[in-house]
Q: 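Quick one: this structure, given as structure tokens, is what I'll be asking you about.
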Amino acid sequence: MKDKHGLLSAPIHLVLRQMTVPMVFGMVAILMFNLVDTFFISLLGTEALAAISFTFPVTFAVNCITMGMSMGISTSIARLLGQNAAQDAARFSTHGLMLAVLLIIIACVIGISSIEPLFSLLGAEASLLGYIHDYMSIWYLSIPLLVIPMAGNSAIRATGDTKTPAKVMLLAGLINGVLDPLLIFGYGPFPELGIQGAAIASAISWFGALSASLYILKSRVGLLALPNFRYIIDDWKLILKIGTPAALSNAMNPLSGAILMMMLATHGTAAVAAYGAAQRIESILILVLMSLTSALTPFMAQNIGADKPQRAFKGLFLSMRFAVMFQLLIFLMMVPLSTPFAALFSQEPQVRDLLWLYLIVVPVSYGFQGIVMMLVSGLNAMHRPFDAFKWSFMRLFVFTLPFAWIGSYWFSIEGLFIGIAAGNVTGGVLGYLYALRVKKQECLSEVTS
């Protein structure tokens with residue numbers, strides 16, 4: 001295999017930087033996609049905004065399937081490319097896309113037949129169900145269009161190319177941003193479709209991303225081939241082995257967020273509002289870490305596939321150290337900005353004060369949270385999905401939530417924020433020690449073999 005992107009030979013810090021920077025722009029495109037949708041829908045009124053808010057957990061749960069399958073596809077393709085098995089990688093990519101589409105179609109058939117009872121169960125009032133049905137009926141029909149861009153972009157990143165997937169995401173975001181106001185409000189020759197217009201705009205943007213992804217997979221990176229039904233079951237088993245724990249790991253984030261919200265609700269509406277604003281700021285503050293995590297997986301997987309575990313682990317520990325130092329720098333920059341940031345997101349003094357408190361307590365721990373994120377990424381690259389799931393689970397349900405509950409019990413809302421930070425730090429320290437042990441085990445097994 002030609003080491004086109006230098007994953008197996010170039011200086012590690014340069015490779016990870018070159019892979020991470022485009023990912024940052026791709027992540028920004030995804031964030032803007034959601035923000036644009038939310039902004040234009042909010043102009044339709046409070047009920048429309050409340051309806052779309054109810055859809056977030058459901059749409060995220062369905063997308064967790066694709067995210068999990070994408071992880072299984074990406075790590076396996078990267079290993080095959082590291083072993084110079086390009087034809088096998090193309091076959092595996094095709095089989096993986098077929099599996100992801102099949103699973104999403106099954107989920108959508110179930111979802112579209114249960115819109116009203118499901119959202120009623122989630123607490124949506126009768127006045128909102130019409131909006132929700134208008135949006136979700138289109139969303140369920142069109143979400144299969146997003147599967148191939150999401151899973152296909154993971155396959156492309158497995159080659160070491162993160163620029164092209166970022167361009168695809170930017171293309172989708174641009175199409176959605178242009179079509180949203182046209183189809184929601186009916187400007188010019190376009191019909192006024194309201195909340196359905198937002199779903200249709202998303203569908204058209206996903207179709208654009210799908211077309212681009214298929215072209216790139218086939219013509220640029222050679223990761224599409226005719227299905228080989230002799231191997232398809234074995235390939236699907238491997239994808240599910242890695243993808244199922246990865247999907248469950250993704251699903252745990254909104255679950256833990258809901259539990260934190262329940263804790264915060266005992267301290268009043270202002271605490272909930274402050275935390276909601278803090279989460280939006282946090283998604284920006286850890287953007288580089290999320291991008292580096294996505295870049296680290298194919299880097300490690302290719303090097304492990306090429307029998308270069310020492311290089312893979314150097315990349316892992318370099319990423320962990322960078323996470324701590326970079327987030328510490330971000331925290332120091334945030335301290336003087338915390339007051340104006342808090343004022344920007346709320347005019348209520350109580351909400352503003354709690355948001356300010358969060359911003360000077362929790363972000364100092366983001367680097368340690370990043371250590372666990374890198375560890376999970378590395379374990380998936382090593383085809384140790386259940387260990388990755390275990391650490392995702394422990395970060396949230398053994399460290400963060402219990403520490404937050406203890407802090408809340410003893411020191412109210414201030415203690416809850418301190419507990420979140422303490423949980424992140426504890427998880428990060430233990431995660432780093434565990435990574436050292438895994439490195440020792442892997443390198444020892446390489447020597448003995």
Side-chain angles (χ1 to χ4, degrees), residues 27-28 30-54 56-57 60 123 253-254 256-290 326-370 396 399-401 403-425:
M27 293 283 186
V28 169
I30 294 173
L31 286 174
M32 291 304 298
F33 195 106
N34 294 327
L35 288 173
V36 166
D37 267 2
T38 303
F39 171 74
F40 285 116
I41 289 172
S42 72
L43 300 179
L44 294 173
T46 303
E47 286 196 336
L49 183 59
I52 204 68
S53 298
F54 269 105
F56 288 155
F60 185 84
N253 287 300
S256 67
I259 296 172
L260 268 177
M261 279 293 190
M262 291 170 62
M263 292 184 196
L264 286 156
T266 64
H267 299 284
T269 305
V272 174
Y275 182 72
Q279 290 300 99
R280 290 194 287 272
I281 297 173
E282 180 177 293
S283 65
I284 298 171
L285 296 182
I286 65 171
L287 194 62
V288 171
L289 293 190
M290 293 169 63
F326 180 79
Q327 291 302 141
L328 179 60
L329 177 62
I330 294 295
F331 169 73
L332 293 174
M333 293 170 59
M334 270 298 300
V335 170
L337 296 174
S338 56
T339 299
F341 259 66
L344 179 66
F345 277 83
S346 180
Q347 299 304 312
E348 293 186 30
Q350 190 178 5
V351 175
R352 190 170 60 237
D353 291 346
L354 288 174
L355 179 54
W356 170 82
L357 179 65
Y358 186 100
L359 292 177
I360 64 166
V361 171
V362 179
V364 73
S365 69
Y366 287 161
F368 294 90
Q369 177 182 329
L396 296 170
F399 305 127
T400 302
L401 289 176
F403 278 57
W405 180 83
I406 293 169
S408 175
Y409 182 81
W410 286 106
F411 302 106
S412 189
I413 186 68
E414 293 86 354
L416 190 148
F417 291 163
I418 293 171
I420 292 173
N424 284 338
V425 172

Q: Any chance you could measure Leu289, atom CG, to Ile330, atom CD1, to the nearest 0.5 Å?
A: 9.0 Å

Q: For the CG atom of Leu337 and the CD1 atom of Ile281, what is their distance to the nearest 0.5 Å?
A: 10.5 Å

Q: Quick one: pull up CD1 in Ile418 and OG in Ser412 and give me the separation to the nearest 0.5 Å.
A: 11.0 Å

Q: Check Phe403 against Gly423 and note the closest heavy-atom contact, atom names and distance.
A: CD2-N, 3.7 Å

Q: Looking at CD of Glu47 and CD1 of Ile41, how far apart are the two atoms once the value is rounded to the nearest 0.5 Å?
A: 14.0 Å

Q: Evaluate the side-chain proximity of Leu401 to Ser256: yes if any heavy-atom separation is below 4.5 Å, no if none is.
A: yes

Q: Rounded to the nearest 0.5 Å, what separates atom CD in Gln327 from atom CG in Leu332?
A: 11.0 Å

Q: Nearest 0.5 Å please: distance from the CG atom of Leu285 over to the CZ atom of Phe326.
A: 9.5 Å

Q: With a 4.5 Å heavy-atom cut-off, do Ile420 and Leu260 have their side chains touching?
A: yes

Q: Scan the side chains in residues 353-368 for donor-acceptor partners under 3.5 Å anywhere in the protein, sequence neighbours excluded, and list what turns up.
A:
from	atom 1	to	atom 2	distance (Å)
Trp356	NE1	Ser338	OG	3.2
Tyr358	OH	Glu282	OE1	3.0
Ser365	OG	Val362	O	2.7
Ser365	OG	Asn424	ND2	3.0
Tyr366	OH	Glu282	OE1	2.7

Q: Holding to ring-ring contact (aromatic ring centres under 6.0 Å, His included), I want the full list of residues that pass it with Tyr409, two or more places apart in sequence or in another chain.
A: Trp405

